[in-house]
There are 2 protein chains.
Amino acid sequence: MPEAVRISPRGERTRQAILAAAERLFAERGFAETRLEDVADAVEIRRASIVYYFRDKRELYDAVLADVFAGLHERIETALLATGPLARRIPAAAAAWVDYVGERPSLARLLLREVADSGYRAGLARDGEPALLAHIQPFFALAARIVEEGEADPVLVRAHLDPVHVASSIAGATVFFVAAMPALLPGHGFEPLRPDQLAAHRHQILDLVHRLLGIPGPSVGTPRPRADASTDASTDGHGSR
Amino acid sequence: MPEAVRISPRGERTRQAILAAAERLFAERGFAETRLEDVADAVEIRRASIVYYFRDKRELYDAVLADVFAGLHERIETALLATGPLARRIPAAAAAWVDYVGERPSLARLLLREVADSGYRAGLARDGEPALLAHIQPFFALAARIVEEGEADPVLVRAHLDPVHVASSIAGATVFFVAAMPALLPGHGFEPLRPDQLAAHRHQILDLVHRLLGIPGPSVGTPRPRADASTDASTDGHGSR
DNA sequence: GTCTATAGAGAGATAGAC
DNA sequence: GTCTATCTCTCTATAGAC
């Protein structure tokens with residue numbers, strides 16, 4: 001249902017600014033705790049103007065989720081549908097996941113919240129449908145393709161794993177890594193988004209994936225998963241948002 | 001600061017009932033979305049009566065967190081301070097973690113939410129201090145003891161891992177496993193709390209821990225991490241809350 | 001201990017001017 | 001497109017009777 005609201009260049013900029021501000025605030029505070037007033041302030045417009053672009057708060061939130069998940073899907077899809085054996089494409093997809101979360105850490109918190117909300121309550125889109133599900137569906141379509149392909153792949157058959165189990169472990173580990181670190185070690189200078197620390201995490205995840213697939217991974221001879229604050233920042237300085 | 005409010009036997013029962021109902025609702029819906037009215041309804045009292053036991057909503061929430069985390073701490077502490085080599089106690093602690101989450105799944109969602117909230121916003125106790133931190137502190141004390149002990153332990157020294165990294169991966173994986181499964185596969189009969197599925201997850205986690213410690217784990221010769229809905233429920237029937 | 005009743009703040013939605 | 005003004009509802013917190 002493409003909203004028929006055509007938008008001028010200026011309007012498009014405003015719309016994007018609203019989306020960006022909302023993404024950050026919804027991620028940091030959650031749906032209920034986020035005030036439209038604060039979103040408006042961040043964009044330096046008035047609250048009522050938001051309604052011009054998004055019917056109501058829920059629609060704005062859904063637009064944010066759609067945006068964030070679409071970006072992720074694109075990355076994962078690219079990795080999974082590339083050429084080459086599954087045993088390479090699957091780790092590539094895991095790496096793409098980690099990198100995307102690093103670039104767009106809002107995703108980590110939004111996902112954390114959506115998962116926490118899931119199953120019961122009010123996290124429902126306008127039509128009373130669970131919000132997360134709609135945005136996750138494309139990933140299942142992807143997964144189904146891969147599983148099908150995997151049934152003819154000796155590596156996958158041998159590993160004989162439960163994709164949901166695997167995906168949920170990876171997702172949980174990364175999302176916790178990004179969001180929980182600064183939380184639990186305030187003042188320790190922890191920066192999970194710093195390129196070197198993110199790389200360490202990526203390494204750990206890849207290691208796990210390879211192990212689950214039962215194929216030799218990057219860990220061979222490289223015992224490096226150590227990422228405390230004392231790591232020398234010889235890489236560079238940015239990596240935050 | 002022990003509240004000086006002495007409570008009669010009847011009062012104690014009411015208090016516990018409020019705590020239990022609040023735990024479930026805060027976990028399912030989050031702090032902001034939970035109505036004290038709903039808590040009262042669940043206990044079959046009137047909203048105003050809650051105030052007799054808990055000054056306000058925030059205090060009730062903090063009491064819930066304190067209760068849940070205290071229970072966890074007890075389990076982990078027991079496992080970690082037992083006798084025997086660290087290489088056995090650490091996996092035991094991981095298993096205790098998984099089992100506790102299985103018994104008290106509220107913890108998974110509460111933790112998910114607290115982590116998502118962390119860093120920025122309003123998840124602050126009365127004194128303006130981050131809520132999570134206070135309840136997590138005892139775990140750090142524990143961790144510090146173990147790290148100190150580990151410095152003299154050849155196994156630990158060799159593995160040379162970052163405890164925070166490890167703990168966050170394990171926590172993330174389990175919590176996602178418990179909360180994300182039913183969310184992402186509604187209607188698939190997924191029951192992460194079912195004993196057999198929980199056992200499969202515990203196995204996966206232990207495997208990971210052993211691998212990280214660089215010692216032989218339970219995985220040797222037992223390729224069993226498969227936990228889809230088709231698993232025959234030959235164990236038993238309960239395991240839900 | 002538990003209740004009824006009410007006060008009071010907050011925040012989303014809407015109407016309509018510019 | 002963006003604003004001001006206002007309406008209305010929801011929910012917490014409080015006062016005080018039983």
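Each chain gets a letter, A, B and so on, in the order its sequence line appears, and its residues count up from 1.
- Across the protein-nucleic acid pair, Ile18(B) atom CD1 and dT2(C) atom C1' stand 11 Å apart, rounded to whole Å.
- For the pair Ala22(B) and Val64(B), the tightest heavy-atom approach, listed with the atom from each and the gap, is CB-CG2, 3.8 Å.
- Residues Leu72(B) and Leu107(B) have side chains in contact (heavy-atom distance under 4.5 Å, counting atoms from C-beta outward).
- In this structure, Arg15(B) atom CZ and dT2(C) atom P are separated by 13 Å, rounded to whole Å.
- Proximity of Arg10(B) to the phosphate of dT2(C): a side-chain N or O atom is located under 4.0 Å from OP1 or OP2.
- Glu33(B) places its CD atom 14 Å from the P atom of dT10(D), with the value rounded to the nearest Å.
- At a non-hydrogen distance threshold of 4.0 Å, Arg47(A), Ala48(A) from residues 39-49 of chain A come into contact with DNA chain C.
- Dashed line: the shortest gap from a side-chain N or O of Ser8(B) to OP1 or OP2 of dG1(C) is under 4.0 Å.
- Going from atom CZ of Phe54(A) over to atom P of dG12(C) covers 15 Å, rounded to whole Å.
- Taking the centre and axis of the six-membered ring of Tyr52(A), the NZ or CZ atom of Arg15(A) falls outside the cone set by 45° and 6.0 Å.
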Side chains of residues 171-181 of chain B: which donor-acceptor pairs under 3.5 Å do they make with residues two or more places apart or in other chains?
residue: Thr174(B); atom: OG1; partner: Trp97(B); partner atom: NE1; Å: 3.0
residue: Thr174(B); atom: OG1; partner: Ile170(B); partner atom: O; Å: 3.3
residue: Thr174(B); atom: OG1; partner: His201(B); partner atom: NE2; Å: 2.8

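- Under the 30°/60° scheme for interplanar angles, the aromatic rings of Phe69(A) and Phe139(A) are found to stand perpendicular.
- Nucleotide dC11(D) holds its P atom 14 Å from the CZ atom of Phe31(B), rounded to whole Å.
- When the side-chain nitrogen and oxygen atoms of Tyr52(A) are compared with OP1 and OP2 of dC3(D), none of them lie within a distance under 4.0 Å.
- As rounded to whole Å, 13 Å separates atom P of dC11(D) from atom CZ of Arg35(A).
- Taking atom CG of Leu60(A) as the reference point, atom P of dA11(C) lies 16 Å away to the nearest angstrom.
- Under the salt bridge (Lys or Arg N to Asp or Glu O under 4.0 Å) criterion, Arg35(A) pairs with no residue, sequence neighbours left out.
- Across the protein-nucleic acid pair, Ile50(B) atom CD1 and dA13(D) atom P stand 10 Å apart, rounded to whole Å.
- Counting only distance, with no hydrogens or angles, the side chain of Arg113(A) and the backbone of Arg113(B) share no donor-acceptor pair below 3.5 Å.
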